[in-house]
Number of protein chains: 2
Amino acid sequence: MRHFRCVINIKNDEVIKAFGRRLRDLRISTGLSQEQLANEAEIPLSQVGRIERGEINPTLSSINVLAKALKIEIKELF
Amino acid sequence: MRHFRCVINIKNDEVIKAFGRRLRDLRISTGLSQEQLANEAEIPLSQVGRIERGEINPTLSSINVLAKALKIEIKELF
């Protein structure tokens, strides 16, 4: 099972990194800085940076407030 | 700010509960039991139940493996 679990983790990392890139692209196309997005979403600036770099696994509620701050539907982040 | 933060939490709870209902509807329409979905997604059965009831705030990686187990795109869960 070890190999299987390892494969899942790699795939999850790819999804987390892809989400980060998508968030960054949408933030930039909206003309917001990381700081402005963090303020609008009411989450720490450091967390926005780490999510965009795919370093942390965001929760649904973080994804929700980020989508709201970008004034988009959650599904547009995927 | 207290009221504002409280409003955000309520809105987040609504998103988490709506996600749970959506997951449950898709699982049932796919003909899977909670146990089959949990096995397929490789997450604990108790976690599937709690996510469907909107009791826990799932991470992106949990959302990802659940979508894969249902053989759908993540965005279809929103």
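The sequence lines fix the lettering, A, B, ..., with proteins before strands; numbering per chain opens at 1. The model shown is predicted, which means the values in this text are computed figures rather than measured ones.
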Tell me, yes or no, whether the heavy-atom count around [X] atom [atom1], taken from other residues, nucleotides or ligands under 6.0 Å, exceeds 12.
{"X": "B:E35", "atom1": "CD", "result": "no"}
{"X": "B:E76", "atom1": "CD", "result": "yes"}
{"X": "B:E55", "atom1": "CD", "result": "yes"}

Taking the side chain as everything from C-beta on, heavy atoms only, tell me whether B:L60 gets closer than 4.5 Å to A:F78. yes
Please examine the side chains of A:V15 and B:I74, heavy atoms only from C-beta on, and report whether any two atoms are closer than 4.5 Å. yes
B:N57 side chain to A:T59 backbone, donor-acceptor under 3.5 Å: no
Grab the two heavy atoms, one from A:I16 and one from B:S61, that are nearest each other, plus how far apart they are. CD1-CB, 4.4 Å
Connected via hydrophobic side-chain network under 4.5 Å: A:I51 and A:I72: yes
